[in-house]
Amino acid sequence: MTALPDVLSCIQPTAALHIGNYFGAVANWVQLQEKHSCVYGVVDMHAITMPYDPDELRANTRNMVIDLLACGVDPEKSTLFVQSLVPEHCELCWILSSQCAYGELSRMTQFKDKSAKLQRETADEFISAGLFLYPVLQAADILAYRAAAVPVGKDQEQHLELSRSIGRRFNQRFDTDFFPEPKALYTQTPRIMSLAQPDSKMSKSAGAKHYIGLFEEEASIRKKVKTAVTDTGELAEDQYMSPGVANLFTILRACQADTVAEQLEADYRGGQLKYSELKGAVADSLVELTGRFRSRREELVADADGVEAQVREMSARARDIAADTLRGVRKFAGFPAM
RNA sequence: AGGGGUGUAGCUCAAUUGGCAGAGCACUGGUUUCCAAAACCAGCGGUUGCGAGUUCAAGUCCCGCCGCCCCUGCCA
């Protein structure tokens with residue numbers, strides 16, 4: 001029997017990582033692998049729950065793997081798999097879906113938000129059943145590895161809770177302790193906001209000037225930082241600084257530029273801070289940090305075939321664990337052994 | 001499968017009897033600003049779902065097809 005991992009975490013393949021993804025999740029992955037055995041996944045089967053293009057998805061998945069390796073996810077320490085190469089996720093999802101109440105799923109906020117939005121708006125958008133089952137697939141992602149812990153931020157708390165309760169129900173229903181309850185690993189990660197709209201989280205969907213790509217060129221990074229929103233109106237009574245400025249400081253500290261950040265904060269308190277200086281410091285830090293990633297990424301791209309072979313090998317390793325889980329699940333669920 | 005809707009710029013939508021495809025938002029550039037925002041000025045943006053037809057002329061009318069939404073069914 002293959003050893004079960006301490007930590008499991010997944011990310012959806014998207015066009016390119018931005019600094020919000022990096023500081024919010026990926027940097028933490030790189031940290032965690034130092035002290036834990038980690039399994040990380042690029043979950044392309046989740047990506048098809050929304051309208052998408054197949055060629056784009058394939059390219060995004062390949063790029064995401066490269067991006068993660070460039071950021072420091074280390075095949076020597078961790079297992080990085082592509083979800084669709086481990087079909088057990090899907091099989092487990094189906095079995096678990098029958099241990100999950102319809103009402104429970106319709107109460108998932110992510111799904112509710114989407115449906116509510118539909119009623120408010122034109123109501124002519126395609127909502128796949130896959131979107132509804134999304135949290136169950138997520139539960140399968142975790143339970144397939146019987147992982148001990150999952151790093152979560154606030155927004156994924158509810159989905160992890162569902163995974164725990166599905167696993168619990170499975171155990172109870174089939175009178176076993178097969179699935180350990182995955183613990184939430186609360187790690188404080190900085191929440192990077194949109195540069196153009198600092199009251200909402202940084203995301204690519206909002207548009208190019210809202211985010212900074214992790215592998216963007218220096219000139220582009222500097223330009224985007226420069227055009228970031230600062231003070232847009234009056235500060236609220238209880239506000240220390242405007243969301244835009246606070247966001248710039250968050251980025252600066254996330255880049256570990258603490259001494260610079262302290263100096264500039266002192267200037268801010270004294271009313272001496274020139275935002276152009278702050279922006280210069282932020283841009284410098286980002287350029288320095290991402291420059292390393294960019295050069296590592298170039299090496300990986302040059303060896304694309306090697307990377308692919310490596311990921312297939314790691315996915316096969318992940319599959320060994322998942323297949324082992326499924327052997328047990330099939331037995332409990334009443335299916336014949338394969 | 002049948003019935004009813006719907007499809008126009010990235011998004012929301014307009015376009016008279018068939019008569020030059022437009023607006024707002026978004027985006028790009030400029031003025032302004034320590035940097036931004038806001039404001040103002042300028043600009044980019046189109047296979048009108050696809051295909052055929054009628055016409056001097058089709059976003060608009062006729063026929064076929066496709067996608068999506070709602071309803072009623074059918075099959076497993």
Side-chain angles (χ1 to χ4, degrees), chain A residues 14-16 18-20 47-57 60 94-95 97-98 102 106 111-134 192-213 216-237 239-255 257 260-288 335:
Chain A
T14 53
H18 56 69
I19 61 169
I48 66 172
T49 55
M50 299 287 277
Y52 77 104
D53 177 83
D55 293 327
E56 206 174 291
L57 175 61
N60 286 351
W94 174 250
I95 294 172
S97 74
S98 296
Y102 179 89
S106 42
F111 185 77
K112 262 186 356 193
D113 287 352
K114 189 80 192 181
S115 344
K117 203 173 159 198
L118 262 185
Q119 292 207 329
R120 257 184 286 115
E121 290 169 13
T122 43
D124 65 345
E125 203 173 327
F126 180 85
I127 295 286
S128 71
L131 189 69
F132 185 69
L133 282 174
Y134 189 106
I192 311 294
M193 310 303 275
S194 156
L195 296 182
Q197 234 171 59
D199 50 350
S200 57
K201 210 168 99 173
M202 179 175 284
S203 77
K204 257 188 306 290
S205 53
K209 68 177 189 180
H210 290 260
Y211 73 92
I212 294 177
E216 261 180 53
E217 309 222 344
E218 172 168 353
S220 175
I221 291 175
R222 290 192 183 280
K223 188 179 173 190
K224 282 188 181 180
V225 173
K226 190 172 180 297
T227 58
V229 166
T230 54
D231 297 340
T232 50
E234 292 295 301
L235 271 190
E237 281 293 313
Q239 249 178 344
Y240 168 56
M241 57 173 65
S242 66
V245 176
N247 192 35
L248 291 172
F249 274 107
T250 303
I251 295 172
L252 199 55
R253 287 191 180 276
C255 293
V260 183
E262 266 156 44
Q263 177 59 50
L264 292 170
E265 261 190 60
D267 289 349
Y268 181 81
R269 278 193 297 275
Q272 303 290 315
L273 178 61
K274 281 192 161 57
Y275 291 147
S276 51
E277 266 180 49
L278 172 60
K279 286 180 172 180
V282 169
D284 287 344
S285 308
L286 281 176
V287 165
E288 197 204 329
F335 298 139

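Order of the sequence lines fixes the chain letters, A, B, ..., with proteins taken first and strands second; residue numbering starts at 1 for each chain. The figures that follow rest on heavy atoms only: side chains count, while hydrogens, waters and symmetry mates do not.
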Checklist entry - Distance-only, no hydrogens or angles: does the A:Ser242 side chain make a donor-acceptor pair with backbone N or O of A:Thr230 under 3.5 Å? => result yes
Next on the checklist: Could you tell me if A:Lys201 sits above the aromatic ring of A:Tyr211, with its cationic atom closer than 6.0 Å to the ring centre and no more than 45 degrees from the axis?
Outcome noted: no
Checklist entry - Does a side-chain heavy-atom distance below 4.5 Å link A:Phe249 with A:Val282? => result no
Checklist entry - Considering only the P atoms, how many Å lie between B:A9 and B:G45, rounded to the nearest integer? => result 15 Å
Checklist entry - With rounding to whole Å, what would you report as the distance between B:C62 and B:C27 at their P atoms? => result 40 Å
Next on the checklist: Without decimals, in angstroms, what is the distance between A:Leu248 CG and B:C35 P?
Outcome noted: 15 Å
Next on the checklist: With no hydrogens and no angle check, just 3.5 Å: does a side-chain donor-acceptor pair link A:Asn60 and A:Tyr52?
Outcome noted: no
Checklist entry - How far does the C1' atom of B:C68 sit from the matching atom of B:U8, given to the nearest Å? => result 16 Å
Checklist entry - With rounding to whole Å, what would you report as the distance between B:G29 and B:A38 at their P atoms? => result 14 Å
Checklist entry - Please give, in whole Å, the distance from B:G67 P to A:Ile127 CD1? => result 19 Å
Checklist entry - Which nucleotide in the set B:A36, B:A37, B:C34 lies at the smallest distance from any side-chain heavy atom of A:Lys226? => result B:A36
Checklist entry - When rounded to the nearest Å, what value does the distance between C1' atoms of B:U17 and B:G59 take? => result 15 Å
Checklist entry - Given the rule in the ring pair (Phe, Tyr, Trp, His ring centres under 6.0 Å) test, do A:Tyr268 and A:Tyr240 qualify, once you have shown the distances and angles that lead to the verdict? => result CA-CA 10 Å; A:Tyr268 181 81; A:Tyr240 168 56; 5.7 Å; yes
Item to check | Electrostatic pair A:Lys274-A:Asp267, nearest N-O below 4.0 angstrom | outcome: no
Pairwise N/O distances under 3.5 Å, protein to nucleotides 25-30 of chain B:
from, atom 1, to, atom 2, distance (Å)
B:C27, OP1, A:Lys209, NZ, 2.8
B:G29, OP1, A:Lys223, NZ, 2.9

Next on the checklist: For the C1' atoms, the ones on B:U60 and on B:G18, what distance do you get once it is rounded to whole angstrom?
Outcome noted: 6 Å
Checklist entry - Do A:Ser276 and B:C34 have a side chain to base donor-acceptor pair shorter than 3.5 Å? => result yes
Item to check | Inter-nucleotide P distance (B:G67, B:C13), Å rounded | outcome: 22 Å
Checklist entry - Which whole-number value in Å describes the distance from A:Asn247 CG to B:C35 C1'? => result 15 Å
Next on the checklist: Nearest whole Å is fine: how far is B:A37 C1' from A:Lys279 NZ?
Outcome noted: 9 Å
Item to check | Spacing of A:Leu195 atom CG relative to B:C35 atom C1', expressed in whole Å | outcome: 13 Å
Next on the checklist: Tell me if a side-chain donor or acceptor on A:Glu265 pairs with a main-chain N or O of A:Glu262 at a distance below 3.5 Å.
Outcome noted: no
Item to check | Separation between the P atoms of B:G49 and B:U16, rounded to whole Å | outcome: 15 Å
Next on the checklist: Measure NZ/A:Lys274 against C1'/B:C34 and give the value in whole Å, please.
Outcome noted: 5 Å
Next on the checklist: Can you tell me whether the side chain of A:Thr232 and the base of B:A37 have a donor-acceptor pair closer than 3.5 Å?
Outcome noted: no
Checklist entry - For B:U6, which nucleotide in any strand shown is its Watson-Crick or wobble partner with both distances under 3.5 Å? => result B:G67
Next on the checklist: What is the separation between atom CG on A:Leu273 and atom C1' on B:A36, rounded to the nearest whole Å?
Outcome noted: 13 Å
